[in-house]
Amino acid sequence: MNTPHLSIHGLHAGYGRARVLFDIDLTIDTGTIACVMGRNGVGKTTLLNTIAGLLTPTAGTITHNGTDITRHPPHTRTRNGLAYAPQGHATFAPLTVADNLHLAHRATRRGGPELIDAALDRFPRLQPLLHRRAGLLSGGQAQQLAIARALVTDPTLLILDEPTEGIQPSIVAEIEQAVTDIAAQGITVLLVEQYLDLALRLADTVTVIDAGRIVHSGDRADLTDDTAHALMAI
Ligand SMILES: Nc1ncnc2c1ncn2[C@@H]1O[C@H](COP(=O)(O)OP(=O)(O)OP(=O)(O)O)[C@@H](O)[C@H]1O
Ligand SMILES: [Mg+2]
């Protein structure tokens, strides 16, 4: 049996009086790809922000690698192997691609410079752009940089929020391949993805959120395409 890598129990979260997530339970096994899906505004990013420590839950627990991280600040989570590439491919716009990678790498000190080489091997398009400012990259290039920045922290858990949003098909295919390879390396992946076909190809498990609650959770293998489409139409 697989070991749970991330366990979330009874999680509630929101912004001030606006309650967004209700009683979320989610368990992700080591080395698997968990896809979280749902329509706009149902709370997917709020869930990821809570797991990354950017938002404090009002109730519930988050356990990563056997440690209760619910009250840990974001940088402690990162040092312990949790990496987050937020929605909208956020990078440090004024810095070069190389400096973006070096800064992220130095911030965690989880491994040597070979992590940067490995990230560039994973996304070869970034190699000729190393001295370009991140703010000048195209959306697809910036997304690859955002994932590469997460990888140089040597994560055991990689969290990706809509990595294919607004990106042309050829780069979407490269990102899909990268996610497949990353998981094959043993890194657990938590992926929010609205592009249903892609999510169904990548996912080991599928969780669907609607109005802040989980309305479906299970193995991808147990989900027919018809059921998946029906769930996404909620
Ligand atoms: N900083 C914030 N302050 C107040 N409300 C917020 C904040 N961020 C998000 N919300 C609200 O929380 C709800 C969930 O937003 P969230 O970004 O988690 O949705 P999502 O599922 O990621 O949507 P999308 O698919 O558009 O990315 C929405 O109603 C949103 O307006
Ligand atoms: Mg979102």
Side-chain angles (χ1 to χ4, degrees), residues 6 8-26 28 33-62 64 69-71 73-75 77-78 82-91 93 139-140 142-147 149-150 155 157-169 171-172 175-176 178-179 188-203 205-218 220 223 228-234:
L6 185 79
I8 297 170
H9 289 296
L11 191 82
H12 292 251
Y15 307 92
R17 262 190 262 164
R19 298 179 63 195
V20 175
L21 293 177
F22 304 88
D23 202 21
I24 299 288
D25 287 324
L26 183 65
I28 307 177
I33 302 177
C35 273
V36 170
M37 294 189 276
R39 291 170 307 135
N40 291 127
V42 297
K44 304 180 299 295
T45 297
T46 302
L47 174 61
L48 300 192
N49 284 343
T50 310
I51 297 169
L54 304 176
L55 187 66
T56 305
T58 48
T61 57
I62 305 169
H64 176 216
I69 62 164
T70 317
R71 303 285 149 194
H75 64 269
R77 300 182 197 211
T78 309
L82 182 154
Y84 183 28
Q87 189 166 9
H89 41 74
T91 58
Q143 183 60 64
Q144 294 193 332
L145 176 59
I147 303 174
R149 282 184 63 222
L157 172 65
L158 175 64
I159 302 177
L160 303 173
D161 196 354
E162 303 210 29
T164 66
E165 194 178 23
I167 290 177
Q168 71 181 61
I171 300 203
V172 168
I175 291 174
E176 177 174 357
V179 172
T188 307
V189 179
L190 170 53
L191 171 69
V192 164
E193 180 57 60
Q194 296 223 57
Y195 178 13
L196 182 60
D197 292 345
L198 175 73
L200 293 179
R201 281 199 301 273
L202 284 172
T205 61
V206 173
T207 297
V208 182
I209 298 181
D210 191 42
R213 296 176 194 274
I214 291 181
V215 293
H216 173 87
S217 200
R220 162 66 183 98
L223 194 65
H229 280 94
L231 279 167
M232 289 303 292
I234 282 171

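For the single chain, residues carry numbers from 1 onward in sequence order. Just so we're clear, the structure is a prediction, and the values are computed from it rather than from any experiment. Order of appearance sets the numbers: ligands from 1, and atoms from 1 within every ligand.
- When each atom of ligand 1 is checked for a heavy atom of E162 under 4.0 Å away, the hits are 25 (O), 27 (O).
- Remark: distances from the non-hydrogen atoms of G43 to ligand 1 include one below 4.0 Å.
- Side-chain atoms of T58 come within 3.5 Å of backbone N or O of H12 as a donor-acceptor pair.
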List the steps, then state whether side chain to side chain contact (heavy atoms under 4.5 Å, CB included) holds for V189 with L202. CA-CA 10 Å; V189 179; L202 284 172; over 6 Å; no

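- Regarding atom 10 (N) of ligand 1, its nearest protein heavy-atom neighbour is Y15 CE1, 3.4 Å.
- Which parts of ligand 1 touch Q87 is read off a 4.0 Å heavy-atom cut-off, strictly below it: atoms 27 (O).
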Check step by step if side chain to side chain contact (heavy atoms under 4.5 Å, CB included) holds for R39 and D210. CA-CA 7 Å; R39 291 170 307 135; D210 191 42; 2.8 Å; yes

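- Side chains of E165 and Q194: no donor on one and acceptor on the other come within 3.5 Å.
- Put simply, T45 gets within reach of the Mg ion (ligand 2), with an N, O or S atom under 2.8 Å from it.
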Pair I62, R77 - check side chain to side chain contact (heavy atoms under 4.5 Å, CB included), show working. CA-CA 11 Å; I62 305 169; R77 300 182 197 211; 4.2 Å; yes

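- In this structure, atom 31 (O) of ligand 1 has its sub-4.0 angstrom surroundings free of protein heavy atoms.
- At least one N or O atom of G41, backbone or side chain, sits closer than 3.5 Å to an N or O atom of ligand 1.
- The shortest contact between atom 25 (O) of ligand 1 and any protein heavy atom is with K44 NZ, 2.7 Å.
- Under the 3.5 Å distance criterion, the side-chain polar atoms of K44 are matched with a main-chain donor or acceptor of G38.
- With respect to D23 and R213, no salt bridge is recorded, no charged nitrogen being found less than 4.0 Å from a carboxylate O.
- Residue N40 approaches ligand 1 through these ligand atoms, each under 4.0 Å from one of its heavy atoms: 23 (O), 24 (P), 25 (O), 26 (O).
- For ligand 1, the atoms lying closer than 4.0 Å to a non-hydrogen atom of T45 are 17 (O), 18 (O), 20 (P), 22 (O), 27 (O).
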Using side chain to side chain contact (heavy atoms under 4.5 Å, CB included), reason through H9 and D25 one step at a time and then give a plain yes or no. CA-CA 5 Å; H9 289 296; D25 287 324; 3.7 Å; yes

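- Atoms of ligand 1 found under 4.0 Å from any heavy atom of T46 (numbered from 1 in listed order, with element): 14 (C), 15 (O), 16 (P), 18 (O).
- Checking N40 against the Mg ion (ligand 2), every N/O/S atom stays at or beyond the 2.8 Å cut-off.
- Considering all non-hydrogen atoms of both residues, A199 and M37 come closest at CB-SD, 3.6 Å.
- For the pair G38 and ligand 1, the shortest N or O to N or O distance does not fall below 3.5 Å.
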